[in-house]
Each structure stands twice: as C-alpha cells, then as structure tokens.
Amino acid sequence: MQIRLDKFLADMGIGTRSQVKQYIRKKQVLVNGVLPEGPKQKVGEEDIISFQGKDIVYQKHEYFLFHKPKGCVSAVRDAQHKTVLDYFPENRQKGLFPVGRLDLDTEGFLLVTDDGALAHNLLAPGKHVPKTYFAKVSGRLTEAEVQKFAKGVDIGEKELTLPAKLEILSAETEGSQAELTITEGKFHQVKRMFQAVGTEVLYLKRISMGGLMLDESLKPGEYRALTEEELQKITGQ
Ligand code: URA
C-alpha cells in the first residue's frame, strides 16, 4: 500500500493535512533518513518515516483511553447529549467509536478506537473481560454482600450474574464505597447488582477494563493514545 506522505502523517495523528505540509516544508520530516521530495511523495509500510527526529510507528488503527465525563453518551451520534466524539478534534474522529457503553451518569474508563475486530473481541460474552468499577452506594455494605456477589445475584435475567469480586473500601450507615469487578456487561449491570442486595448506586466510575487502568492524570473529557504496552495487553485478551 502506497499513500501520500502528508496523508500518512495526518493519519498517524501528527497534525492536520495543512500542518503536516508545513512540517515537511520546514524539513522536520525524513523518509528513510533523507528529505522527501514533498507532501505528495508516496510512502509505504516498508519506509521509515521520522518526525522531529523520532520514528513514527505505522498503526493501522487508533486506540485511545478516554475518561468519560458525566452527561456524555457512549455513542458517536446523539440528538440531545454530547457524545464521545465531541471530545475529539474533527481531524481525529474518522471511524472512531466507544468499545461498549457506560451510562450517561457513569464516568471513567472508555476505550475509543476504529478497530471493529478488537471491539468485537473484547465485548464477546464468552470472553469475560474483567471490568472494575468504583461505586458509592447507599447504606452499609458488609461481608454478606461480598459473599452474595461472589456467588452471583438475581438481577432479573434467566441466570444469576457470574461471580463478581466486591471489595469494600468504607462502610457507614449513611453510605459505603467499594470496588466491584464483573466479567459481563449486562445493561445497567452494576446498578442492578447493588439493587439486588438492597442498596442504590449514587456514583459510579469505571476504573479499569481488561487489565488497563484509567489514567488518573486524565481529567473527565480528556483522552490519550494507548501505549504500546497497553495495546499489547488489550489485543492479547
Ligand atoms: N453498570 C452500570 O450499571 N452502569 C454502567 O455505566 C456500567 C456498568
């Protein structure tokens, strides 16, 4: 596959088409160690392209860790609310979508990609990819809830939920804080699980998925590209 150098650079997220043309003009881009003829020069996977002295690793797909804020819909289009894509600049939005869903009022880890195969793989029910949530709930959580979640609870589906790990962080009569790890993704699953044991979720944030942690340096609404290591972890699921 041969594509124009300016398209390659823009696709790799170096900048917009006009920005990357500037970079080429300013001699900040090299192809196989030499200055390119210009932005129209064709390049392929075998070429080593560098920008400001760093090699650009060709990636067919894009993978972002997004800190979903409250009030953002886990979708690419919505008539009423802001969507995940509204947090990405227009030149990076092409083909991107969120992997799975978080409720409108849930915050936290959302993987955003244009890789349909990876999304399919991570969301396949048989995969049991672990997802951990931090929750503030009403009432006092006890060891009894830990046991119930470990056995599976009835949330009105044909089967009980799969065993889930509840770790209580604080427990007061006025409310408790806990982390819950589940390996399924049923609609409103965490809220329904707490409901099944007589408590109500007041705040919910996903803090990890498939072994990848939410990057706490990302404020709600911010994103960053996955590192090579993170990508390997998630594609090796
Ligand atoms: N479970 C829920 O109830 N809500 C979410 O957003 C995610 C999991």
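For ligands, and for the atoms within them, numbers begin at 1 and follow the listed sequence. Excluded from the calculations below are hydrogen atoms, water molecules and symmetry mates; all remaining heavy atoms, backbone and side chain alike, are included. Given the structure is predicted, the values throughout are model-derived calculations rather than measurements.
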So which of Lys151, Glu145, Glu143 actually passes side-chain hydrogen bond (donor to acceptor under 3.5 Å, both in side chains) with Gln147?
Glu143

Expected rows: ligand 1 N/O, protein N/O, dist below 3.5 Å:
| residue | atom | partner | partner atom | Å |
| --- | --- | --- | --- | --- |
| ligand 1 | 1 (N) | Val190 | N | 3.1 |
| ligand 1 | 3 (O) | His188 | O | 3.2 |
| ligand 1 | 3 (O) | Val190 | N | 3.3 |
| ligand 1 | 3 (O) | Lys191 | N | 3.0 |
| ligand 1 | 4 (N) | Asp103 | OD2 | 2.7 |
| ligand 1 | 6 (O) | Asp103 | N | 2.7 |
| ligand 1 | 6 (O) | Asp103 | OD2 | 3.4 |
| ligand 1 | 6 (O) | Thr106 | OG1 | 2.8 |

Between Glu216 and Lys205 (salt bridge meaning N to carboxylate O under 4.0 Å), is one present in this structure?
yes

Contacts of Lys82 meeting salt bridge (Lys or Arg N to Asp or Glu O under 4.0 Å) (sequence neighbours excluded), chain-then-number -> none

Salt bridge (charged side-chain N to carboxylate O under 4.0 Å, His left out) between Arg92 and Glu62, worked out:
CA-CA 9 Å; Arg92 298 208 95 164; Glu62 305 219 71; 3.4 Å; yes

Would you confirm whether the ring centroid of Phe194 sits within less than 6.0 angstrom of the ring centroid of Phe149?
yes

Between Tyr23 and Phe51, ring centroids under 6.0 Å
yes

